[in-house]
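Structure record follows, encoded as structure tokens.
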Amino acid sequence: MSFDLSTYLVTDSAQARAAGHDLVDLVYEAVAGGATLVQLREKNMPAREFLDLVLRVSTAVALKVPVLVNDRVDVYLAAREMGARVAGVHVGQGDLPVASVRALVGPRAIVGLSASTEDQLYAASVRSAGVDYVGIGALHPTTSKKDAPEPLGHARMAELIALSGLPAVAIGGVGQDDLPLLRASGARGGAVVSAICGAADPREAARALAAAWAADAEVTA
């Protein structure tokens, strides 16, 4: 399957509200600006409310970019059963085992996995795990995820990306200035939360991030 991780939006409805945005509108604007993939991450939202959000976002943007559901495989399956164009799921180390997730969602869904250590990257790369890409983090300190691991920094991030047998996207405090470094390190993209969800203009923020990724700047990690 083919998908573009380069400008990867991870949602945070609280940050969106604080910045004065409806989340569905924010996602639509971000995709219009250049976001290439959307992960709906709502840790504290009740299942029915989260399902409604998944349905509304998928209606708004799923014909343009893949929409993934964070953690809640049940919500993904329910949305898919209801006809939503949801592309897959992203799970963490404390969620269902990825082999079980793959068995539940089937072979055509995208399955992403969070990782922050060499052992976790190796386990993800085993064919039987069924993982399509890894999200490595945290790059920098971040407040958007309460249980985020210790920040890796660019040098360690580059080492882990090089060790990964799967496409890798960096997450955790990622901003516009990080993207050329990440691309030079072999990452397939940068996953952002605050850089779009907390922006005054989500479309322009996504456009700037996409441009930073595409820039042919000479950088060293």
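Note that the numbering runs from 1 along the sequence shown for the chain. Just the heavy atoms: all of them, side chains too, but no hydrogens, waters or symmetry mates, feed the values below.
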Would a 4.5 Å heavy-atom cut-off, applied to side chains only, mark [X] and [Y] as touching?
X: Trp213; Y: Arg183; value: yes
X: Asp4; Y: Arg188; value: no
X: Cys197; Y: Leu9; value: yes
X: Val54; Y: Tyr76; value: no
X: Val131; Y: Val126; value: no
X: Leu209; Y: Ile196; value: yes
X: Lys64; Y: Val31; value: yes
X: Leu152; Y: Leu160; value: yes

Could you tell me whether a side-chain N or O of [X] sits under 3.5 Å from a main-chain N or O of [Y], the two making a donor and an acceptor?
X: Ser125; Y: Leu166; answer: no
X: Thr11; Y: Arg41; answer: yes
X: Asp95; Y: Gly92; answer: yes
X: Glu81; Y: Leu77; answer: no
X: Thr7; Y: Thr36; answer: no
X: Thr59; Y: Leu55; answer: yes
X: Gln39; Y: Tyr8; answer: no

Supply the atom-to-atom distance [X] [atom1] to [Y] [atom2], rounded to the nearest 0.5 angstrom.
X: Ser185; Y: Ile136; atom1: OG; atom2: CD1; answer: 10.5 Å
X: Arg108; Y: Arg80; atom1: CZ; atom2: CZ; answer: 9.5 Å
X: Met82; Y: Ser58; atom1: CE; atom2: OG; answer: 9.5 Å
X: Leu53; Y: Leu40; atom1: CG; atom2: CG; answer: 5.5 Å
X: Glu42; Y: Arg72; atom1: CD; atom2: CZ; answer: 12.0 Å
X: Leu113; Y: Gln93; atom1: CG; atom2: CD; answer: 5.0 Å

What closest approach, in Å, do [X] and [Y] show between heavy atoms, and which atom pair accounts for it?
X: Ser116; Y: Gly137; result: CB-O, 3.0 Å
X: Pro202; Y: His21; result: CD-CE1, 3.6 Å
X: Leu182; Y: Val174; result: CD1-CG1, 4.2 Å
X: Ala19; Y: Ala199; result: CB-O, 4.1 Å
X: Val65; Y: Ala35; result: CG1-O, 3.4 Å
X: Leu5; Y: Pro167; result: CD1-CB, 4.2 Å

Please assess Thr117 against Asp119 for the test side-chain hydrogen bond (donor to acceptor under 3.5 Å, both in side chains), listing each intermediate value before the final yes or no.
CA-CA 5 Å; Thr117 68; Asp119 288 345; 5.5 Å; no

Check this for me, if you would: do [X] and [Y] make a salt bridge, where the nitrogen-to-carboxylate-oxygen distance has to be below 4.0 angstrom?
X: Arg102; Y: Asp132; result: yes
X: Arg56; Y: Asp52; result: yes
X: Glu118; Y: Arg156; result: yes
X: Asp71; Y: Lys43; result: yes
X: Arg203; Y: Asp201; result: no

Please lay out, stage by stage, how Val27 and Val38 fare under the test side-chain contact (heavy atoms from CB on, under 4.5 Å).
CA-CA 8 Å; Val27 172; Val38 175; 3.9 Å; yes

Does a sphere of radius 6.0 Å around OH in Tyr28 hold more than 12 heavy atoms from other residues, nucleotides or ligands, not counting ones at 6.0 Å or beyond?
no

More than 12 heavy atoms of other residues, nucleotides or ligands under 6.0 Å from CZ of Arg85: yes or no?
no

Would you kindly confirm whether Tyr122 and Val98 end up in one hydrophobic cluster when ILVMFWY residues are joined by side chain heavy atoms under 4.5 Å apart?
no

His140/His154 under side-chain contact (heavy atoms from CB on, under 4.5 Å): CA gap, chis, key distance, verdict:
CA-CA 9 Å; His140 300 305; His154 273 286; 4.1 Å; yes

Starting from the C-alpha separation in whole Å, work towards a yes-or-no answer on side-chain contact (heavy atoms from CB on, under 4.5 Å) for Leu37 and Leu68.
CA-CA 8 Å; Leu37 188 147; Leu68 307 184; 3.7 Å; yes

Show your working on side-chain hydrogen bond (donor to acceptor under 3.5 Å, both in side chains) between Gln15 and Ser194 and close with a plain yes or no.
CA-CA 7 Å; Gln15 287 195 40; Ser194 303; 2.9 Å; yes

Start with the C-alpha distance between Val10 and Val192, add both sets of side-chain angles, then the distance that settles side-chain contact (heavy atoms from CB on, under 4.5 Å), and finish with yes or no.
CA-CA 6 Å; Val10 180; Val192 301; over 6 Å; no

